[in-house]
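Below, read A as the first sequence line, B as the second, and so on, with proteins coming before strands; counting in each chain starts at 1.
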There are 2 protein chains.
Amino acid sequence: MPRDATLEDVARHAGVSLATASRVLNGSTRQVGRALRERVERAAAELGYTTNRAAQALARSASDILGLVVHDLSDPYFAVVANAVVRESERHGLSVMVGTTFRDPEAEIGYVATLRAQRVRAIVLAGSRIADETVTERLRAEIDRFQGGGGRAALIGQDLLGVDTVVPDNRAGAYELARALAGLGHTRFAVLTGPSFLLTAVDRVEGFTAGLAAAGLPEPLLIPGPFDRDGGYLAAERLLALRDTTAAGVTCVFAVNDVMAVGALAALRAHGVAVPEQISVAGFDDIPTLRDLTPSLTTVRLPLADMGRRAVELALATTGPAAEPATAEVVLRESTRRVS
Amino acid sequence: MPRDATLEDVARHAGVSLATASRVLNGSTRQVGRALRERVERAAAELGYTTNRAAQALARSASDILGLVVHDLSDPYFAVVANAVVRESERHGLSVMVGTTFRDPEAEIGYVATLRAQRVRAIVLAGSRIADETVTERLRAEIDRFQGGGGRAALIGQDLLGVDTVVPDNRAGAYELARALAGLGHTRFAVLTGPSFLLTAVDRVEGFTAGLAAAGLPEPLLIPGPFDRDGGYLAAERLLALRDTTAAGVTCVFAVNDVMAVGALAALRAHGVAVPEQISVAGFDDIPTLRDLTPSLTTVRLPLADMGRRAVELALATTGPAAEPATAEVVLRESTRRVS
DNA sequence: CTGTTAGCGCGTTCAT
DNA sequence: ATGAACGCGCTAACAG
C-alpha cells in the first residue's frame, strides 16, 4: 500500500525546505522565488501530492468542514435544504458533513457531538425543535460546548437554542392560509396536525386556528398522526370515518405539510372522495417535486433553498445570535375550491 | 475563545500519563486499572473533553469519514440513495461527507480530489457515467491515486472505472418495460431520451428499443432533451408538435426517468391530452415520493435505498473489484392502458 | 497495568 | 527570499 506523498516528499524531491514547499502549495501570504516555486509545483505534480487536510486542520487548528444535521434526507423538504447548504458551503470552499437523525433528538445531540469531535468550522441544524425542555436543554449544552471551542452554529427552525436561526414563518403562513380558505367560503375545517411534540406542526396548527378565529370561524377538528406521507394517509382515513359524526360538514382539510397532504389525497382517492369537488385539501411547504400533482396542491410556500443558503451564511458570519424570518406565502391551486 | 480541552489537559487533570488517558478514552485494546480509568473518565467529563478526530486521524493515519458524490441532492433519486448511504455509514461508525456536482464531470473529479485530500476512508460515487473517454479517464486516474493511497471506492452506475460497482440494470429494465407495453397492444412509441452523453439515459433507450424489436415492433421516435422535470416537459411538447407528422400514431411515451415523466404528464395535461386515455406514459426509477401521482405512473422499479446501502458495503469491503447488478422490475400502473 | 517518547503531516515563528 | 525547529492533539511502540 504505497502511502500518499507528503509535503516532505515533495520538498526533498524539489530540493527545497519543507517550509518553502508549504508556502507554495498552500495558501501562504509569503512569497517564494519564481524558480523554486516552479520546482516545487513540478515535484508536487509528479508525485501526485495532495495536501493532507487532517494534518492541515491540526496545524492550523481550523478545519474547512461544515456540519449539517437533518431529520431525513429522503424527505424532499430536507433534500432541498441540504442541497442548498451543500451548494453554499462549496461556494465558501467548505466541505459538508451530513448526519441524519430520523427525528430522534438523542441522535441529534449525538451528531452535534460527533461534529464537535471533528472540529468542524460550523454546524447547521435543520428541522423542527421538539417540545421537550430536558432534551432541548441538553442539545443547547452540547452546542454551547461546541461554540465554547470556537465553533459557530446556526439553526433552521424555532429560535430556541440561543444561536443564529432562520425561522420559517409557520404561524403567519398557516394564519394567512386559514384566512384565504375562509375567503373561499369554507366554514368547517379539519386539520391533520402531525405529532404534538413537533413544534413546527404545533406552530402551524396554532397559526391556522388563529386565522380561522380571526375570520370568525369555529375551531377546526384536529386529527393527530405522524408527520409523514403515511401519517397523512391514516389521518385522512380517520377523518372519513368521522364524516357522519364529529366531522360532519367539513369541507376543507389542512395537512400541516405537503407530504402529509399527498398521503391525504391518496386516502381520499382510495375512498372515492373527489378533491376538490367533495372536499378541499391544503398543505404546507410547497415542495418543488410535488408541484405537478393533480389536483395541484394549495399550500404555503417556504423558500426552502434560500433558507438553507442563509443558514450557512449565518453560520459563517461572525455576528452574534440573531433570528431571521423566512417568509411564508400562500399559494392557492386546484386542490381547494370556492364553496357557496 | 477558550480552546477545547485536549487529552493532555485530561491527563494532567486526572494525574495520569497521556498514554493512559488515551487508552481509556479511545478504543484501545489495552486494559487500564479500574481506579485510574474512573479518574480519567471523570476528568474528561468535567472538562467536556471530546477526541479531536483530525488529530486522531493523523496519528492513526486512518479517518472515519466516507465521501459521497452525487449529482443533485434535491433530485429524489439521489436523495433516496444518499439517505441510504448516510444511514449505512452511520451503522459502520462513519461520518459522511457529501459533494454535489450538478452533472459537471469536472466537479466530480474535483470532488474526488477533495475527498482524497481529506484522506477519507472510502468514496461512493453515485450517478450516471458520461460518454466522454477523456473525462472518464481523468476521473479514473484520480480514483486510482486515491486507491493508491490506501483508499477504497465504490460506484453506483456503469461499471467503467475499475472499482466495485452497483450496476442498476437499466437495459434489462427498459427491455422488459418495452415488452410489457407491447403486451398492452401499443405499437407506435416515442421515447423522451434525455441527453445522449448520459450513459444511464442511453442504456435505457437502447434497452427499450431492443425490447420493442424483440416484440417485432418498429423503432420508437426519439426525442432528446435534458434529464430533469423541465426536460420532460419540453420533450413532451415537442412530441405534441409532431403529432400530425412524425409522431402520428404514437400511443405510448417512455420518459427515461420518473422526474421527466412527471414533466411530460404536466405538459400533456397543459395541452389537454388525457393520460392514459389519449396517450400512455411510462417512466423509470419508481421514485417513492412520486408514487401518489394521478394517474399513478407505470415505471421500472430500482431498489434505490438498497443500492446505496450496498455501495457502502462494497466500499468498505476488502475484496477486489466486482460488479453487482441491481435488478429492475416493471411496475404497471394507471398511466398506461391497454389498447386494442 | 502504566509511563516515556517518537512520530503522523503540516503551519509558522524565528533566524539567516 | 529561504531554511531550521517547534508545536498542533493524538497513537503506538517500547520500557518498566
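- Remark: B:Leu58 CG to B:Asn52 CG distance equals 9.5 Å, nearest 0.5 Å.
- Residue B:Asn26 has no polar side-chain atom (N or O) positioned under 4.0 Å from OP1 or OP2 of D:dC10.
- Following rounding to the nearest Å, B:Arg34 (CZ) and C:dT2 (P) show an atom-to-atom distance of 13 Å.
- Salt-bridge check for B:Glu41 with B:Arg37: passed, with a basic side-chain N closer than 4.0 Å to an acidic carboxylate O.
- Listed nucleotides: C:dT13, C:dC10, D:dG9. Nearest to the side chain of B:Ala55: D:dG9.
- Look at CG on A:Leu58: it is 9 Å from C1' on C:dC8, rounded to the nearest Å.
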CA sep, side-chain torsions, deciding dist, call: B:Glu142, B:Arg138, salt bridge (charged side-chain N to carboxylate O under 4.0 Å, His left out): CA-CA 6 Å; B:Glu142 191 62 44; B:Arg138 288 179 43 224; over 6 Å; no
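- A heavy-atom distance below 4.5 Å is found between the side chains of A:Asp9 and A:Arg12.
- Close to D:dT2, at under 4.0 Å from its OP1 or OP2, lies no side-chain N or O of A:Ser17.
- In terms of position on DNA chain C, the residue among B:Leu36 and A:Leu7 whose nearest nucleotide sits closer to the 5' end is B:Leu36.
- Here A:Thr6 lies in heavy-atom contact (under 4.0 Å) with sugar-phosphate atoms only.
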Residues B:Arg129, B:Glu108; criterion salt bridge (charged side-chain N to carboxylate O under 4.0 Å, His left out); working and verdict: CA-CA 10 Å; B:Arg129 294 302 97 221; B:Glu108 196 167 36; 2.9 Å; yes
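- Side-chain proximity of A:Arg60 to C:dT4, C:dG11, C:dT13: nearest is C:dG11.
- Salt-bridge annotation for B:Arg42 and B:Glu46: absent, with no side-chain N of the basic residue lying under 4.0 Å from a carboxylate O of the acidic one.
- Phosphate proximity of C:dC10 to A:Ser22: absent, as no side-chain N or O sits under 4.0 Å from OP1 or OP2.
- Near DNA chain C, meaning a heavy atom under 4.0 Å from it, residues 111-122 of chain B has no residue at all.
- Straight-line distance from the CG atom of B:Leu47 to the C1' atom of D:dG9: 15 Å, rounded to whole Å.
- As rounded to whole Å, 16 Å separates atom C1' of C:dC1 from atom CD of B:Glu38.
- Nearest nucleotide to the side chain of A:Ala59, out of C:dC10, D:dA12, D:dT2: C:dC10.
- Salt bridge status for B:Glu90 with B:Arg87: absent, with no side-chain N to carboxylate O gap under 4.0 Å.
- Rounding to whole angstrom units, CG of residue A:Asp4 and C1' of C:dC8 are separated by 13 Å.
- Looking at which nucleotide of DNA chain C each of A:Glu8 and B:Val16 is closest to, the 5′-most match is held by B:Val16.
- Between the P atom of D:dT2 and the CZ atom of A:Arg23 lies a distance of 8 Å, rounded to the nearest Å.
- One finds a side-chain N or O of B:Thr20 lying less than 4.0 angstrom from the OP1 or OP2 phosphate oxygen of C:dG3.
- For the pair B:Leu25 CG and D:dG9 P, the computed distance is 15 Å after rounding to whole Å.
- Counting only distance, with no hydrogens or angles, the side chain of B:Arg152 and the backbone of B:Leu314 share a donor-acceptor pair below 3.5 Å.
- Between A:Gly33 and A:Leu18, the residue whose closest nucleotide on DNA chain D is further toward the 5' end is A:Gly33.
- Put simply, B:Gln56 has no side-chain N or O that comes within less than 4.0 Å of OP1 or OP2 on D:dG9.
- Here the P atom of nucleotide D:dC8 and the CG atom of A:Asn52 are 18 Å apart, to the nearest Å.
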